Amino acid sequence: MERIAVLTSGGDAPGMNAVIRAVVRTALNNKMDIYGVERGYAGLVKGEITRLNHRSVSDMIHKGGTFLKTARCPEFKDIEVQRAAVEALSAYGIDGLVVIGGDGTLRGAKDLSDNFGIKVIGIPGTIDNDLAYTDFTIGFDTAVNSVLWAINNLRDTMHSHDRVSLLEVMGRHCGDIALYAGVAGGAEYVLVPEIPYDLDDIASKIKKSYLRGKTSNMIILAEGAGNRDEIAAYIKEKSGISVKVTNFGYIQRGGSPNMFDRILAARFGYKAVELLRDDKDSCAIGIKDNKVITVPFDEVSKAEKKFDKRLYDIAHVLSL
Ligand code: ADP
Ligand code: F6P
């Protein structure tokens with residue numbers, strides 16, 4: 001394979017630029033032409049494709065976001081829209097594609113491969129860590145560290161004022177950001193979509209903790225696990241103690257990728273180009289037990305994400 005392209009799709013994640021850089025430099029090292037597609041599948045359909053070189057990715061490794069930009073393109077589920085993307089690739093003589101994104105992006109990659117025989121390598125890039133086939137996705141670790149920064153700051157002010165804090169974090173339907181940040185940040189309660197929780201019990205524990213002299217409590221809420229304002233109001237009603245609500249929001253999607261995400265980016269980007277160079281079958285790349293793995297797209301879509309219940313239990317034992 002001599003001419004390949006790279007795109008980022010879905011929600012951006014810190015480390016996507018580092019992956020693009022790794023793909024570009026590895027391709028050039030293998031004497032392959034490398035193209036960048038702007039705005040994910042939306043840009044691919046419109047033929048927003050430009051040639052990249054060594055300098056295109058200079059000074060990129062530490063930058064959050066994605067310089068290729070990203071987009072949602074719901075119409076990409078339509079096979080005729082996919083056909084337009086394939087035509088754009090063939091107009092540039094591109095015979096292999098690296099896509100960086102979450103589960104939706106990998107579904108699009110599977111379609112391009114299954115329906116049109118395009119060689120596509122998928123790299124997991126999302127802060128949510130919601131892909132079952134890989135231990136970690138690009139951006140998750142950095143996002144959790146940003147949440148930790150927020151928890152530390154909240155702890156300071158909540159402790160000073162003897163307050164209860166509820167911090168909502170992202171993750172769509174996955175509780176991993178809340179879980180990891182909750183354990184690392186010493187939160188008293190971690191509310192995730194995967195495990196039912198009892199607000200009466202939480203309210204009563206918070207009230208008892210006040211009577212024991214523990215006057216500050218931290219609740220981390222994953223976005224898929226309930227409405228932050230309703231939860232806060234309910235706890236206040238049941239315990240008589242008010243809960244200060246913070247939504248961390250898009251801040252956790254940005255920022256300079258940390259060491260873990262940069263190393264993962266280097267390993268994934270390098271592997272993706274190797275696979276295309278060697279004309280291997282389309283697949284997704286992941287990491288299991290610190291080994292880079294390749295998984296057929298069929299298995300990616302079938303795999304069911306397991307929640308780390310043990311870590312969840314540890315969180316609650318250590319914090320009370
Ligand atoms: P993420 O990749 O982060 O999960 P999305 O779920 O928004 O983000 O998916 C990104 C893009 O992938 C969508 O905007 C769409 O273009 C494409 N996509 C999502 N689901 C499918 C699907 N079932 N078939 C084809 N393409 C899809
Ligand atoms: O998938 C990443 C993510 O940030 C989710 O955590 C969140 O639910 C969603 O994207 C937000 O999407 P948007 O950028 O479209 O608001």
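Note that ligands are numbered from 1 as they come in the structure, with each ligand's atoms numbered from 1 the same way. Quick caveat: nothing in here was measured; it's all calculated off a predicted structure. For reference, positions follow the sequence shown, starting with 1.
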Problem set entry | Nearest-neighbour protein heavy atom for atom 22 (C) of ligand 1, which is reported as residue plus atom name and distance | K77 CG, 3.4 Å

Exercise. Is there side-chain contact between Y41 and Q82, with at least one heavy-atom pair below 4.5 Å?
Worked result: no

Problem set entry | Closest protein heavy atom to atom 7 (C) of ligand 2, given as residue, atom name and distance to 0.1 Å | E223 OE2, 3.2 Å

For this session: Run the salt-bridge test on K214 and E188 with the 4.0 Å N-O cut-off and return the result as yes or no.
Result: yes

Exercise. Any side-chain heavy atom of K271 within less than 4.5 Å of one from T294?
Worked result: yes

Exercise. Do the charged groups of D12 and K69 touch, with an N to O distance under 4.0 Å?
Worked result: no

For this session: Would you mind listing which atoms of ligand 1 come within a distance below 4.0 Å of any non-hydrogen atom of G108?
Result: 25 (C), 26 (N), 27 (C)

Problem set entry | Polar atom proximity, R72 to ligand 1 (N or O, under 3.5 Å) | yes

For this session: For atom 6 (O) of ligand 2, grab the closest protein heavy atom and report residue, atom and distance to one decimal in Å.
Result: D128 OD1, 2.7 Å

For this session: Could you tell me whether ligand 1 has any atom less than 4.0 Å away from a heavy atom of T126?
Result: no

Exercise. Looking at K305 and D130, does any basic side-chain N land under 4.0 Å from a carboxylate oxygen?
Worked result: no

For this session: Look only at interatomic distance and state if Q82 has a nitrogen or oxygen under 3.5 Å from any nitrogen or oxygen of ligand 1.
Result: no

Problem set entry | Top protein contact for atom 9 (O) of ligand 1, by heavy-atom distance | G104 CA, 3.4 Å

Problem set entry | Protein contact to atom 11 (C) of ligand 1 [nearest heavy atom, distance to 0.1 Å] | S9 OG, 3.6 Å

Problem set entry | Residue and atom name of the nearest protein heavy atom (relative to atom 4 (O) of ligand 2), distance in Å to one decimal | R253 NH1, 2.8 Å

Problem set entry | Presence of salt bridge, R107 and D111, under 4.0 angstrom | no

Problem set entry | Check: T142 and F260 side chains under 4.5 Å, non-hydrogen atoms | no

Seminar exercise, completed: for atom 24 (N) of ligand 1, nearest protein heavy atom and its distance come out as D111 OD2, 3.2 Å

Exercise. Salt-bridged, R51 to D33, with N to O below 4.0 Å?
Worked result: yes

For this session: Run down the list G125, G102, P74, A109 and name the one with the heavy atom closest to atom 1 (P) of ligand 1.
Result: G102

Exercise. Based purely on interatomic distance, does G171 place a nitrogen or oxygen under 3.5 Å from a nitrogen or oxygen of ligand 2?
Worked result: yes

Problem set entry | Per-atom contacts, ligand 1 versus G11 - under 4.0 Å to a heavy atom | 3 (O)

Exercise. Can you say whether the rings of Y35 and Y92 are parallel (under 30°), tilted (30 to 60°) or perpendicular (over 60°)?
Worked result: perpendicular

Seminar exercise, completed: Ranked by distance from atom 13 (C) of ligand 1, the top protein heavy atom is C73 N, 3.8 Å

Exercise. What protein heavy atom sits nearest atom 16 (O) of ligand 2, and how far off is it?
Worked result: Y250 OH, 2.4 Å

Problem set entry | Residues T126, R253; criterion side-chain hydrogen bond (donor to acceptor under 3.5 Å, both in side chains); working and verdict | CA-CA 9 Å; T126 165; R253 280 251 295 266; over 6 Å; no

Exercise. To which protein heavy atom is atom 2 (O) of ligand 1 closest, and what is the distance rounded to 0.1 Å?
Worked result: T105 OG1, 2.5 Å

Exercise. In the protein, which heavy atom is nearest to atom 23 (N) of ligand 1, and how far is it?
Worked result: R107 CD, 3.6 Å

Exercise. Can a salt bridge be assigned to the pair R172 and E223 using a cut-off of 4.0 Å between side-chain N and carboxylate O?
Worked result: no

Exercise. Do D298 and K302 meet the salt-bridge criterion of a basic N to acidic O distance under 4.0 Å?
Worked result: no

Exercise. Hey, is R72 one of the residues with a heavy atom under 4.0 angstrom from ligand 2?
Worked result: yes

For this session: Report yes or no: does a heavy atom of R172 sit under 4.0 Å from some atom of ligand 1?
Result: yes

Seminar exercise, completed: For atom 4 (O) of ligand 1, the closest protein heavy atom turns out to be D103 OD1, 2.6 Å

